[in-house]
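The block underneath contains the structure these notes are about, expressed in structure tokens.
When a ligand or atom number is given, it counts from 1 through the structure's own listing order. The analysis underlying the following values was restricted to heavy atoms, covering all of them including side chains, and did not include hydrogens, waters or symmetry mates. Residue numbers run from 1 in the order of the sequence given. Please read all numbers here as calculations on a predicted model, not as lab measurements.
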Amino acid sequence: MKAKPNLKIFAAVLLAAVLALLLFIGRRHTDYTYIEQNGFAMGTVVSQKLYGGTAEDAAAVADAVSDLEQLLSRHLDNSAVSALNRTGSSESAALAEIVTDCLDICTASGGAFDITVGALCDLWDFDGGGHLPDAADIAAALESVGYASVAIGGDAVTVGAGQKVDLGAAGKGAACDAARAYLEESGVRGAVVSVGGSVLVYGARNRAGDKWRVAIRHPRKNDEFLGVVTLASGCVSTSGDYEKFFEEDGVRYHHILDPKTGYPAESGLISVTVVCDSGLLSDALSTACFVLGKEQGAALVERFGAGAVFVDADLRITTVGNVEFSQ
Ligand code: ADP
Ligand code: MG
């Protein structure tokens with residue numbers, strides 16, 4: 001008879017534990033608690049808005065972006081891309097995968113997007129403020145440009161003699177893909193992760209599953225928006241002539257180069273936004289379309305089943321394909 005009260009206490013404690021566990025599990029799966037974190041990687045601001053995530057999740061997303069920077073950055077001596085540019089070859093499965101995806105877009109864009117523009121980028125030095133190079137130096141650097149000399153064999157990537165690979169036009173989008181790979185394994189309900197001009201929207205931010213709204217910067221008015229892209233999930237990347245540029249004798253020289261001429265692209269577009277599932281694709285396509293211009297850019301976007309918002313020099317807006325855009 002003495003054991004009875006003990007049994008009751010035990011049963012009560014067990015019940016309380018089970019209830020607490022159920023409450024915890026329930027919370028984890030219905031809670032949209034919002035946290036925000038900002039950091040810096042890939043030479044730009046990385047901002048996260050997580051719904052139903054923890055500080056550990058935010059740290060893991062930041063790590064995923066930094067890990068990719070360690071692989072892709074030309075400015076880090078021990079990155080796989082730096083090794084590739086130094087020695088002409090690299091053995092990295094992760095790099096081989098990204099270069100393979102990039103080569104598809106190099107081909108599809110007819111070389112408007114070309115990852116071998118590294119020597120040209122060095123010459124213009126937009127990361128260091130930029131300056132107008134001598135025409136002879138541009139002609140010499142152009143000799144090393146040509147994605148057709150890049151080869152993939154298993155995990156190995158090789159480039160032609162003197163070629164310099166620059167993944168600046170696809171890296172931030174690829175970072176969005178890396179962030180999503182983590183989020184899919186986590187308990188995070190919804191997220192917006194922006195890495196410079198590439199934005200990932202993932203999952204849901206509330207029980208209603210409302211669509212996400214991503215604002216696009218006005219290409220000529222700092223701190224103003226041009227409009228909003230609405231989407232359920234995916235990536236939104238913008239390439240513009242206002243990101244990195246300098247002016248000389250009234251001419252604007254910006255960081256998106258035409259691999260055919262070696263000079264900043266002059267296609268009549270000043271901002272291109274591309275929307276699709278893949279971050280790498282949206283980033284690379286936005287650069288490619290910027291170089292190609294409205295007509296050929298539209299054909300490229302349609303070919304990949306993506307959507308786009310083009311802005312021309314008169315601030316005229318054209319939407320293409322699968323995109324919901326409002327002003
Ligand atoms: P951002 O880096 O501002 O997001 P982009 O995605 O358009 O803009 O990438 C521009 C960067 O890509 C340049 O800074 C340079 O490193 C590289 N780049 C420039 N022109 C090209 C091109 N035609 N093809 C591939 N990469 C390019
Ligand atoms: Mg890009």
Original post:
Does Gln163 use its side chain to pair, donor to acceptor, with the backbone of Ser144 at less than 3.5 Å?
Top reply: yes
Subject >> Residue and atom name of the nearest protein heavy atom (relative to atom 17 (C) of ligand 1), distance in Å to one decimal >> reply: Asp166 OD1, 3.8 Å
**OP:** Report yes or no: does Arg252 contribute a side-chain atom to a donor-acceptor pair with the main-chain N or O of Asp241 at less than 3.5 Å?
**Re:** yes
Original post:
Of all the atoms in Gly197, is at least one N, O or S atom closer to the Mg ion (ligand 2) than 2.8 Å?
Top reply: no
Original post:
How does Glu243 reach ligand 1, if at all, at less than 4.0 Å between non-hydrogen atoms: by side chain, backbone, both, or neither?
Top reply: side chain
**OP:** Note the single closest protein heavy atom to atom 9 (O) of ligand 1, along with its residue, its atom name and the distance in Å.
**Re:** Ala169 CA, 3.2 Å
Original post:
Hey, is the main chain of Asp63 close enough, under 3.5 Å, to the side chain of Ser66 for a donor-acceptor pair?
Top reply: no
Subject >> Heavy atoms from other residues, nucleotides or ligands near CD of Glu97 exceed 12 (cutoff 6.0 Å) >> reply: no
Original post:
Is the backbone of Asp127 close enough, under 3.5 Å, to the side chain of His255 for a donor and an acceptor to pair up by distance?
Top reply: no
**OP:** With the Mg ion (ligand 2) as the reference point, give the N/O/S atom of Asp283 that is nearest.
**Re:** OD1
**OP:** Count the heavy atoms of every other residue, nucleotide or ligand shown that sit under 6.0 Å from CZ of Phe225, and state whether that count exceeds 12.
**Re:** no
**OP:** May I ask which of His254, Lys172, Lys244, Lys260 has a heavy atom nearer to atom 2 (O) of ligand 1 than the others do?
**Re:** Lys172
Original post:
Counting distance only, does the side-chain N/O of Ser92 pair as donor-acceptor with the main-chain N or O of Ala80 below 3.5 Å?
Top reply: no
Original post:
Nearest non-hydrogen atom to atom 11 (C) of ligand 1 belongs to which of Gly168, Ser237, Cys289?
Top reply: Gly168
**OP:** Please could you name the atoms of ligand 1 that Phe113 approaches to less than 4.0 Å, counting only its heavy atoms?
**Re:** 24 (N), 25 (C)
Original post:
Does Lys211 reach the side chain of Leu231, with side-chain heavy atoms less than 4.5 Å apart?
Top reply: no
Original post:
With His254, which of Tyr242, Phe126, Phe290, Phe245 fulfils ring-ring contact (aromatic ring centres under 6.0 Å, His included)?
Top reply: Phe290
**OP:** For atom 20 (N) of ligand 1, find the nearest protein heavy atom and state the residue, atom name and distance (0.1 Å precision).
**Re:** Leu257 N, 3.0 Å
**OP:** Measure from the Mg ion (ligand 2) to each N, O or S atom of Thr287 and report whether any distance is below 2.8 Å.
**Re:** yes
Original post:
atom 6 (O) of ligand 1: which protein heavy atom is closest, and how many Å away?
Top reply: Asp283 OD1, 2.9 Å
Subject >> Nearest-neighbour protein heavy atom for atom 3 (O) of ligand 1, which is reported as residue plus atom name and distance >> reply: His255 NE2, 2.9 Å
Original post:
Do Leu132 and Leu257 share a hydrophobic cluster, counting only Ile, Leu, Val, Met, Phe, Trp and Tyr and linking them when any side-chain heavy atoms are less than 4.5 Å apart?
Top reply: yes
Original post:
Nearest protein heavy-atom contact for atom 25 (C) of ligand 1: which residue, which atom, what distance?
Top reply: Asp114 O, 3.2 Å
Original post:
Using a heavy-atom cut-off of under 4.0 Å, does the side chain or the backbone of Ala288 touch ligand 1, or both, or neither?
Top reply: neither
Original post:
Counting both backbone and side chain atoms, is some N or O of Thr287 under 3.5 Å from an N or O of ligand 1?
Top reply: yes
Original post:
What do we get for Val117 next to ligand 1 when only non-hydrogen atoms under 4.0 Å count, side chain, backbone, both or neither?
Top reply: side chain
**OP:** Report, in ascending order of atom number, the atoms of ligand 1 lying under 4.0 Å from any heavy atom of Ala112.
**Re:** 22 (C), 23 (N), 24 (N)
Original post:
Relative to each other, are the rings of Phe246 and Trp124 parallel, tilted or perpendicular (30° and 60° limits)?
Top reply: tilted
Subject >> Proximal ligand 1 atoms for Pro259, defined as those under 4.0 Å from one of its heavy atoms >> reply: 23 (N)
Subject >> Atoms of ligand 1 close to Ser239 [distance to a heavy atom under 4.0 angstrom, numbered from 1] >> reply: 5 (P), 6 (O), 7 (O)
Subject >> Sidechain-backbone polar pair: Trp212 side chain, Arg205 backbone, donor-acceptor under 3.5 Å >> reply: no
**OP:** Heavy-atom distances under 4.0 Å are what count here, so tell me which part of Cys121 touches ligand 1: side chain, backbone, both or neither.
**Re:** side chain
